[in-house]
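Structure record follows, encoded as structure tokens.
Heavy-atom basis, side chains included; hydrogens, waters and symmetry copies ignored. Remember, it's a predicted structure, so these values are computed and weren't measured experimentally. Here is how names work: the chains are called A, B, and so on, in the same order as the sequence lines, proteins then strands, and each is numbered from 1.
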There are 2 protein chains.
Amino acid sequence: MEPTIKDVAKRARVSISTVSRVLSGNGRVTEETRQRVLRAVESLNYQPNLLAQSLKKRRSHTLGLVVQNIANPFFPDIVRGVEEKAQEYGYDVFLCDNRKDFQRGLAHLDVLQKRGVDGIIYSSMGRLIEPILAFKIMQLSEAGIPVVLLWRQPPGINIPMVYNDEKGGAYKATTHLISLGHRRIAFIGGFQDSLVTKERFEGYCLALEKNGLSFDQSLVTYSDFEVNGGREAARHLLTRDLPPTAIFTANDLMAIGVLMAAKQLNKKVPEDLAVVGFDGIPFTEYTDPPLTTVCVPRYEMGLIAVEKLLEQMGEKEDSSSDSIMLESHLVIRGSCGAVEGKVISGALS
Amino acid sequence: MEPTIKDVAKRARVSISTVSRVLSGNGRVTEETRQRVLRAVESLNYQPNLLAQSLKKRRSHTLGLVVQNIANPFFPDIVRGVEEKAQEYGYDVFLCDNRKDFQRGLAHLDVLQKRGVDGIIYSSMGRLIEPILAFKIMQLSEAGIPVVLLWRQPPGINIPMVYNDEKGGAYKATTHLISLGHRRIAFIGGFQDSLVTKERFEGYCLALEKNGLSFDQSLVTYSDFEVNGGREAARHLLTRDLPPTAIFTANDLMAIGVLMAAKQLNKKVPEDLAVVGFDGIPFTEYTDPPLTTVCVPRYEMGLIAVEKLLEQMGEKEDSSSDSIMLESHLVIRGSCGAVEGKVISGALS
DNA sequence: CTGAAAGCGCTTACAG
DNA sequence: CTGAAAGCGCTTACAG
């Protein structure tokens with residue numbers, strides 16, 4: 001049986017009000033009784049019950065974090081950032097894994113509300129924000145529970161969001177390839193209806209345009225954001241007449257597939273083919289050759305998402321507007337033939 | 001302002017006791033009043049406050065999950081397993097990331113206790129279990145909070161544990177290499193004082209012995225469980241006189257380093273060198289060549305850890321003894337030259 | 001079948 | 001400075 005505030009009070013021979021006061025630091029208490037209480041706490045190994053505290057104070061000091069799929073290498077760094085910043089401010093976090101199932105995400109939101117979390121970070125990195133999700137989030141806001149979205153797209157709805165500069169990143173990647181002399185640069189997108197794909201495609205087009213290269217529709221293809229899909233797409237591109245000399249893919253997993261396809265077709269990377277990925281997932285460092293990629297600052301996104309939440313909860317003063325766009329950096333490794341270890345972070349300008 | 005049970009009672013014109021009864025399903029209620037209550041719940045969009053419920057019932061239906069480092073690819077699958085099974089039984093989980101810091105793990109345990117979790121899964125995969133951790137866990141048990149350890153070593157203490165058959169896995173890996181004709185098989189361990197290293201080494205020795213191969217101390221070396229460490233270790237082994245024709249490493253990250261070293265030294269894998277890793281982290285599928293590895297069933301470990309916890313909490317009937325050892329499978333891919341796709345799961349016998 | 005009351009472990013005005 | 005009381009939102013005997 002865990003000791004309660006009553007036990008401490010009895011032992012220190014004071015009222016529970018007094019115990020509460022010394023523990024919270026609110027209200028005056030004689031140094032002597034303070035010591036008595038502290039000794040009692042110590043000897044009983046008393047730990048206040050946060051459930052009771054939360055109920056009374058109407059603040060649980062907990063956060064909810066909903067992720068689309070914890071098994072996807074995109075997410076662990078986000079979790080890490082959220083965890084770390086949350087703890088810094090004394091919050092603990094409920095992790096909810098949608099397991100790729102959007103419906104489950106909705107259910108998680110309900111649960112978190114019932115659990116009395118003080119705020120929620122919803123990280124899907126998905127395609128469009130479904131109206132029902134937006135509605136649910138509005139409902140939560142009305143109930144006093146702020147939500148911050150960790151998304152891959154600019155805000156189209158009125159919910160604070162931390163997102164990534166997809167277009168700018170794609171622009172950097174493509175420009176890099178052009179600067180290395182490539183003229184036939186292919187683009188492998190993910191799902192064609194995904195906003196991520198769309199924006200990364202736009203960055204690709206912009207780079208071509210700014211550099212006076214003509215756009216060639218036959219060099220553009222779409223896949224599924226997975227390794228095998230990327231491999232198939234690359235195989236098609238590389239076996240056609242006049243194959244591309246470089247491929248920019250809309251995510252790293254597909255880029256890994258491209259590397260595999262090149263190997264199977266006896267194309268050397270980077271000599272015969274340059275490859276750039278997108279996301280900067282941990283493993284890209286160890287592919288053969290190491291993959292040049294546009295690194296999405298996932299860890300930082302996690303940190304910032306918590307800060308935005310704290311601002312809304314009034315725990316931290318407002319330092320900025322509602323949504324934040326983060327820059328992604330081009331990390332240059334061996335897959336393009338450029339000098340390794342260089343990081344290009346200049347803005348799209 | 002969220003509606004409370006009072007609001008529902010008022011609206012349905014019954015007492016809060018009645019509302020509680022229809023919601024919990026305990027106690028008889030007329031069908032008519034039941035409907036009235038349900039309608040009130042509906043129209044107010046009432047969600048019971050789980051904080052209050054937990055306080056009263058002395059059960060929070062929450063679990064704590066402590067992991068050593070969420071950024072390590074070893075952990076996400078564990079989290080996934082824990083999450084999934086927990087939700088199946090209606091539990092939500094607090095995720096605590098130690099960020100490699102053991103002290104933080106201890107602090108997390110305190111926090112979880114204060115939060116009133118019904119049980120805790122502590123997953124470190126670390127070296128020895130420090131006495132202070134064992135002590136803390138005992139303390140929690142006495143306070144009525146069961147703990148299950150997700151560990152890489154057999155139980156040396158009296159705490160329920162889910163662990164992996166390290167020795168058996170290493171035995172399978174080494175036997176596989178021997179069966180392919182290798183005679184000079186090197187072993188690269190992790191930290192020399194880690195139990196994981198020790199047990200995997202034992203499995204390696206056992207396989208040599210059973211197959212009548214003599215043990216060669218000069219083929220055994222230790223590193224740090226990291227990619228670069230593995231690469232360095234391999235470089236030494238491969239540049240000596242009479243280099244090994246196969247290397248078995250104590251984890252996948254080091255095996256990836258071995259692959260890199262071989263490439264740098266112009267050794268072909270698997271023709272000039274066979275490589276086997278351990279853990280089965282997701283990325284091993286995409287190395288060049290794909291890595292043969294002993295796959296630790298991390299996802300299953302997560303599932304089972306929750307089940308063990310549930311048993312202790314009396315939510316699930318006891319189905320087994322206190323600790324559980326899981327088998328690891330040898331997943332055969334391209335790095336040894338054997339037929340790909342084969343899985344050897346036969347026990348050490 | 002239904003309601004009033006007590007109580008889970010806290011915090012916080014309100015008196016003294 | 002300190003204590004008694006009310007109350008956070010629930011559940012659960014106890015009466016009726």
- Go through the steps for A:R115 and A:T62 under the test side-chain hydrogen bond (donor to acceptor under 3.5 Å, both in side chains), then give the verdict. CA-CA 9 Å; A:R115 289 257 176 239; A:T62 58; over 6 Å; no
I need the [atom1]-[atom2] distance between [X] and [N], as an integer number of Å.
{"X": "A:I16", "N": "D:dA4", "atom1": "CD1", "atom2": "C1'", "value": "9 Å"}
{"X": "A:I5", "N": "D:dA4", "atom1": "CD1", "atom2": "P", "value": "14 Å"}
{"X": "A:L51", "N": "C:dG7", "atom1": "CG", "atom2": "C1'", "value": "15 Å"}
{"X": "B:H61", "N": "D:dT11", "atom1": "NE2", "atom2": "C1'", "value": "14 Å"}
{"X": "B:L23", "N": "C:dT2", "atom1": "CG", "atom2": "P", "value": "15 Å"}
{"X": "A:K10", "N": "D:dA4", "atom1": "NZ", "atom2": "C1'", "value": "17 Å"}
{"X": "B:Q47", "N": "D:dG9", "atom1": "CD", "atom2": "P", "value": "15 Å"}
{"X": "B:R115", "N": "C:dG9", "atom1": "CZ", "atom2": "C1'", "value": "15 Å"}

Taking only side-chain N and O atoms of [X], does any of them lie within less than 4.0 angstrom of OP1 or OP2 on [N]?
{"X": "A:R58", "N": "D:dG9", "answer": "yes"}
{"X": "B:N49", "N": "D:dC8", "answer": "no"}
{"X": "A:S20", "N": "C:dT11", "answer": "yes"}
{"X": "B:Q53", "N": "D:dG9", "answer": "no"}
{"X": "A:N26", "N": "C:dT11", "answer": "no"}
{"X": "A:T4", "N": "C:dG9", "answer": "no"}

Does any N or O in the side chain of [X] come within less than 3.5 Å of the main-chain N or O of [Y], such that one atom is a donor and the other an acceptor?
{"X": "B:D97", "Y": "A:R80", "answer": "no"}
{"X": "B:S20", "Y": "B:I16", "answer": "no"}
{"X": "B:D118", "Y": "B:S60", "answer": "yes"}
{"X": "B:T30", "Y": "B:E32", "answer": "no"}

- Could you let me know what C:dC14 is paired to, Watson-Crick or G-U wobble, both distances under 3.5 Å, or none if it's on its own?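 D:dG3 - that is the nucleotide pairing with C:dC14, both distances being under 3.5 Å.
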- Proximal nucleotide (of D:dG3, C:dT12, D:dC8) relative to the A:S15 side chain: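 Of the candidates, D:dG3 comes closest.
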- Message: Counting only side-chain heavy atoms from C-beta out, which of C:dT11, D:dT12, D:dG3 sits nearest to A:S17?
- Response: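 In terms of side-chain proximity for A:S17, the closest of C:dT11, D:dT12, D:dG3 is D:dG3.
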- Closer to the 5' end of DNA chain C via nearest nucleotide, is it A:L50 or B:V29?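 The residue whose closest nucleotide sits nearer the 5' end is B:V29.
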- DNA chain C: 5'-proximal contact among B:K57 and B:R34 (nearest heavy atom):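 Result of the comparison: B:R34.
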- Report which part of the nucleic acid A:T33 touches: base, sugar-phosphate, or nothing (heavy-atom distance under 4.0 Å, all strands).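 Sugar-phosphate, no base atom in range.
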- With sugar-phosphate meaning primed atoms plus P, OP1 and OP2, does B:T30 contact a base, only sugar-phosphate, or nothing at under 4.0 Å between heavy atoms?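 The residue B:T30 makes sugar-phosphate contact but no base contact.
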- Nearest-nucleotide comparison on DNA chain D, the residue closer to the 5′ end among B:A52 and B:R21: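 Per heavy-atom nearest nucleotide, the more 5' residue is B:A52.
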- Cationic N near anionic O, under 4.0 Å, B:E42 to B:R39: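 No, this pair does not count.
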- Any donor-acceptor pair under 3.5 Å joining the side chain of B:K56 to the base of C:dG7?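 Answer yes: a donor N or O sits under 3.5 Å from an acceptor.
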